[in-house]
Amino acid sequence: MAYLTQPDYVKYICSCGQLKPITSLYFCRHCLKIRCGFCICHEVDSHYCANCLENMPSSEARLKKNRCSSCFDCPSCFHTLSTRATLAQPRQAAQDAAAGGDTKVENKQPKKMYYLSCFNCRWTSRDVGIPDQPVASGGWPERTNPFTTRMNQLLDYYKAIAQQEKQEKLERERKKFAIRGKYITLTDKTGLTGAMARNIAGLPSSDGGSSSAIANFVASQASEDVDELPEDIYTKEVNLKQITSMAQRLASPEWQPATVSRLHPLAKLLSVKRSQRCRACDHNLTKPEYNPGSIKFKIELLAYYHVPEVKVISFETIKPGEKSALLIKLTNPTGHEMQVRLLQPEDLPQPEEREEPKSIEKSLEKSLNLEKEPLPETVPDKPSGVRVPASSRVCPPSMTLSLPQRDDAAEYDDDAHHDTDDVILWRKSNKIALRLEVVTESTVASGVPANALLALEYSYRNTVPPPPTAGGTLAGTTPAPRDHTLYTTVLLDLGVVSG
Amino acid sequence: MALYEGIALIQEKQAVVLDLGTDYTKFGFTGEAAPRCIIRSEFWCTTERRFKRVYDYKTEEELYENLVHMLHRLYFRHVLVNPKERKVVVVESLLTPTLFRETLAKVLFTHYEVSGVVWADSPRLCALTLGTPVALIVSIGARDAEVAAVVHASVVLRALQSQPLAARAIHDELARLLDEDNGQELHLSDHIIEDIKVKTCFVGSRERAQQWADGEQPSPARSVQYPVAGRTAITVSGRTRELAAKPLFARDNELASLPDIVLQCIMQCPIDARRALAENILVTGGTAAMPGLKARLAHELRYLVTQPPYSSRLMVRTFKFHRAPAHDNACAWAGGALGGAADAAGTRATPRDVYARRRRLRDWVCLLDNTPPDHPHHAHQL
């Protein structure tokens with residue numbers, strides 16, 4: 001793994017120009033490019049409750065407003081509430097006892113009643129007067145938004161207006177083509193339209209049939225009174241514990257309670273599993289398993305499994321105008337042998353500009369949608385050419401290094417294979433340690449962060465079968481894995497330039 | 001035909017309404033009565049390892065990144081829907097900087113690939129929640145107080161008023177008063193100041209404010225000991241509690257206090273609309289929820305209108321106030337939810353392909369958009 005808690009010493013330059021550690025990068029096997037969270041498309045895959053780990057189909061989640069029906073959060077501290085059980089004596093039993101009768105024995109059995117309690121801040125549903133429930137899950141009283149009725153009235157009104165507008169528009173279009181009679185109408189003579197005449201006569205407008213919502217609508221009534229301050233505000237002691245904070249109010253946007261006594265348990269917000277998709281080729285980069293308890297992925301194209309990993313072992317302090325040694329380790333994470341060459345970042349071939357012809361279906365689809373104008377490229381703006389000002393240069397050896405494939409059994413070997421080479425420090429299974437030299441320009445001021453760019457050329461064996469070509473592939477033959485030469489650039493963090 | 005349209009309506013995904021405020025962001029679905037979430041407009045910035053505010057930006061690229069992260073948080077942590085192929089109603093102020101609008105458009109259309117965006121200004125949306133033809137919207141938010149007159153669904157732009165008299169002004173005054181109360185510089189964080197304001201502060205009546213200003217000492221409200229982690233409790237005196245909102249009503253020769261800009265807005269409107277405007281005032285925005293603020297504003301308006309320069313030029317004497325069917329902080333959002341559900345998302349949206357072809361937004365300040373169609377300029381273009 002890369003460093004979990006430490007700063008990221010080695011950052012890769014994503015194909016969109018962002019600098020990211022290898023653990024937060026993806027690798028699209030179809031475009032053969034590094035992608036990051038910024039330049040891929042996120043999608044909601046499935047909804048689940050993070051507390052009870054229950055899956056919820058997205059249609060049901062939509063109905064329930066993305067809230068779990070059985071789990072609740074504390075409205076005071078937002079911790080998860082727990083259900084507690086108590087034994088309650090049914091009231092009838094008490095009456096029977098008072099009457100002195102011994103009628104029904106089973107009535108005297110105490111009943112289990114449940115309430116919600118927060119183990120963190122000790123808030124309970126009893127604090128705000130919610131009656132205990134006879135069943136352990138669900139059945140908690142639901143509140144309705146006080147504004148819902150009015151909002152629905154307004155909604156009906158505006159929908160009716162929109163409908164009417166649409167109708168009028170249609171009518172107007174129809175009228176445009178209608179042949180005018182040769183006789184002078186009332187309108188021509190007086191400049192008075194039918195609607196105006198009806199209006200003057202005090203009749204309801206002719207097309208008012210559909211719009212009972214419009215006719216029945218009552219606009220909001222203004223009043224001269226406003227909410228005055230309560231009389232006792234100048235004399236009452238303020239109890240800070242009785243007033244809710246902003247966070248507590250906004251946790252329930254519908255009610256926004258101002259006092260603690262009006263807090264209600266918050267149904268737990270669902271979480272989602274996301275799948276990620278490459279924007280350029282629309283292939284999935286990651287796809288999680290459906291089961292909420294599982295943290296595995298069905299598809300998981302992480303850069304960590306495909307791109308050689310660079311780690312800094314140690315380095316000499318960077319001084320302006322001097323050479324310092326740098327020890328790095330390269331790891332081949334793939335199951336195939338990899339040829340790696342270190343380069344200067346300027347030596348990288350310019351990435352050929354766009355677009356390798358997409359699969360035939362895609363182009364067909366495009367030609368079919370003739371009426372749809374081909375959208376200009378909408379890949380998000382790259383903060384491209386993040387010309388990272390590197391203070392130092394790495395002098396790469398001109399040799400090609402060969403990294404064997406990853407072998408899990410070799411992990412148990414202890415002894416590294418020491419080379420006599422002055423570049424290769426040691427080899428061990430799929431790892432190799434190198435001693436490099438870093439040259440720093442003499443103009444670099446001391447105290448600035450020192451960093452160096454290093455470009456890698458590596459061979460990558462693509463095992464994805466190629467998309468079927470127009471002629472059709474020969475049936476039965478397994479397509480040979482294709483080898484590619486790919487490039488990536490890393491930024492090494494080398495502390496600060498010392499004086 | 002009608003049936004076909006019906007199917008299209010069902011298949012249309014419910015649009016989302018985004019109100020990206022300076023302090024709080026309101027986000028939810030159209031047609032619902034309340035936003036799904038009201039959260040601070042900030043996100044966890046992994047490189048800087050702190051919460052970063054969306055509005056903290058120096059360059060366009062930084063803003064772009066801020067917006068991408070913020071919208072990611074809203075879509076995937078709170079509302080849990082795919083942004084792709086879904087329309088968005090953006091609630092914005094009329095005075096939103098062009099850079100911000102255009103960057104937001106770029107983020108929505110190219111990064112999140114939404115199918116269309118409706119740009120709606122908050123005064124008209126607030127007026128939608130009332131249903132009255134004429135309304136005067138006084139919106140007091142985090143940074144600015146804006147007064148806009150909405151007459152028959154159009155904003156009287158030349159009467160638009162805006163002053164930095166909102167939550168920030170109150171916070172600054174409160175911090176100053178607290179330093180005075182405790183005899184030392186406290187350097188409290190914004191969150192604590194806000195919490196003190198929400199829990200203890202109110203807006204006193206006009207008479208009492210006058211008494212404080214004249215140096216008389218009306219019996220103050222009870223003082224409060226506010227506990228702060230890691231230090232001794234802070235004293236919040238009754239005077240502080242009452243006077244924290246003073247900057248909103250402080251008058252000087254500029255005549256730029258909150259009641260003044262309300263009256264000036266009415267005064268600059270067409271004479272026929274003035275009476276109706278004064279009788280249809282809606283005070284909204286998060287800061288308007290402060291106890292006593294609306295009452296104080298009403299009293300100030302009724303008093304000031306009898307004073308020069310207004311007494312001779314403004315003949316309205318009654319002021320009436322509306323109550324919107326939403327909480328103060330989500331009023332504009334509720335308007336967006338109404339407008340978006342009714343029709344705006346269908347016909348008034350800028351579709352993605354139109355934006356992709358021509359990357360500009362209509363804006364009321366731009367001559368390209370506000371030149372009337374019969375203006376000779378258009379003849380020249382052809």
Side-chain angles (χ1 to χ4, degrees), chain A residues 38 41-44 47 61-62 65-66 145 147-148 150-152 154-155 157-159 161-163 165-166 217-230 233-238 240 243-246 249-250 253-254 256 269-272 274 372-373 375-376 378-381 383, chain B residues 24 31 33-39 61 64 68 72 76 78-82 84 106 109-111 113 128-132 194-195 198-200 202 205 219 221-222 224 226 279-281 291-292 294-295 298 318-327 330 334 338-339 341-343 353 356-357:
Chain A
F38 201 79
C41 188
H42 300 254
E43 282 168 9
V44 173
H47 298 257
R62 194 166 60 226
K65 299 196 159 190
N66 294 335
N145 188 342
F147 299 121
T148 308
R150 177 64 182 162
M151 286 292 278
N152 283 342
L154 286 162
L155 206 55
Y157 173 59
Y158 290 122
K159 273 187 177 153
I161 287 188
Q163 193 65 35
E165 260 178 23
K166 215 185 236 172
F217 177 74
V218 187
S220 163
Q221 292 298 314
S223 77
E224 294 216 23
D225 327 312
V226 276
D227 302 336
E228 295 287 342
L229 274 177
I233 194 143
Y234 298 112
T235 50
K236 210 171 90 181
E237 197 78 49
V238 178
L240 290 176
I243 308 169
T244 51
S245 69
M246 270 325 259
R249 288 180 200 194
L250 299 181
E254 294 98 330
Q256 305 194 10
L269 189 67
L270 296 180
S271 307
V272 287
R274 276 177 293 147
K372 255 196 184 173
E373 213 163 296
L375 293 180
T378 48
V379 170
D381 267 33
Chain B
Y24 289 98
R36 284 290 176 86
C37 65
I38 304 180
I39 54 169
E61 287 76 34
Y64 186 92
V68 166
H72 189 276
F76 295 107
H78 291 278
V79 174
L80 314 181
V81 289
N82 277 333
K84 220 173 171 181
K106 209 194 283 174
F109 280 120
T110 65
H111 197 101
E113 302 182 21
L128 274 187
T129 62
L130 303 179
T132 54
E194 187 191 34
D195 198 48
V198 168
K199 287 187 171 168
T200 68
F202 61 94
S205 69
S219 64
R222 299 294 186 87
V224 180
Y226 183 88
E279 289 176 4
N280 288 290
I281 300 176
K294 290 174 186 169
T318 50
F319 292 93
K320 288 187 181 173
F321 295 85
H322 280 284
R323 232 176 277 256
H327 288 281
L338 283 173
D343 187 52
D353 48 344
R357 229 173 286 144

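So that the names make sense, note that chain A is the first sequence line, chain B the second, and so on, each numbered from 1. Excluded from the calculations below are hydrogen atoms, water molecules and symmetry mates; all remaining heavy atoms, backbone and side chain alike, are included.
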Beyond-backbone contact of [X] with [Y], side-chain heavy atoms, under 4.5 angstrom:
X: A:M151; Y: B:L338; result: yes
X: A:R150; Y: B:R323; result: no
X: A:P230; Y: B:F202; result: no
X: A:S245; Y: B:K199; result: yes
X: B:L128; Y: A:L154; result: no

Picking from [options], which has the most non-hydrogen pairs under 4.5 angstrom with chain B?
options: A:L240, A:D225, A:N145; value: A:L240
options: A:K159, A:H42, A:E254; value: A:H42
options: A:A222, A:A162, A:A219, A:A61; value: A:A222
options: A:D227, A:N152, A:T148, A:V218; value: A:D227
options: A:Q256, A:E43, A:E165; value: A:Q256

Checklist outcome for this item: Residues passing the side chain to side chain donor-acceptor pair (under 3.5 Å) test with A:T244, sequence neighbours excluded, are A:R249
Checklist entry - Any idea how A:F38 and B:H111 line up, ring-wise: parallel (<30°), tilted (30 to 60°), or perpendicular (>60°)? => result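 If you compare the ring of A:F38 with that of B:H111, the planes turn out perpendicular.
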Give the minimum heavy-atom separation between [X] and [Y], together with the two atoms involved.
X: A:L155; Y: B:A341; value: CD1-CB, 3.5 Å
X: B:G131; Y: A:Y158; value: CA-OH, 3.5 Å
X: B:T318; Y: A:E224; value: CG2-OE2, 3.8 Å

Let me confirm one number: the [atom1]-[atom2] distance from [X] to [Y], rounded to the nearest 0.5 Å.
X: B:K84; Y: A:C41; atom1: NZ; atom2: SG; result: 4.0 Å
X: A:F147; Y: B:H327; atom1: CZ; atom2: NE2; result: 5.0 Å
X: A:R62; Y: B:L80; atom1: CZ; atom2: CG; result: 12.5 Å
X: A:R274; Y: B:N82; atom1: CZ; atom2: CG; result: 11.0 Å
X: A:M246; Y: B:E194; atom1: CE; atom2: CD; result: 5.5 Å
X: A:E228; Y: B:K294; atom1: CD; atom2: NZ; result: 12.5 Å

Segment of [X] engaging chain B (4.5 angstrom heavy-atom cut-off):
X: A:K236; value: backbone
X: A:L270; value: both
X: A:H47; value: side chain
X: A:L269; value: side chain

Item to check | Greatest number of heavy atom pairs closer than 4.5 Å to chain A - which of B:H78, B:E279, B:H72 | outcome: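 Highest number of heavy-atom pairs under 4.5 Å: B:H72.
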Item to check | For chain A, the option from B:I39, B:T200, B:V224 that forms the most heavy-atom pairs under 4.5 Å | outcome: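 Sorted descending by pairs with chain A, the first entry is B:V224.
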Report which part of [X] has an atom under 4.5 Å of a heavy atom belonging to chain A: side chain, backbone, both, or neither.
X: B:A334; result: both
X: B:Y24; result: side chain
X: B:D195; result: side chain
X: B:V68; result: side chain

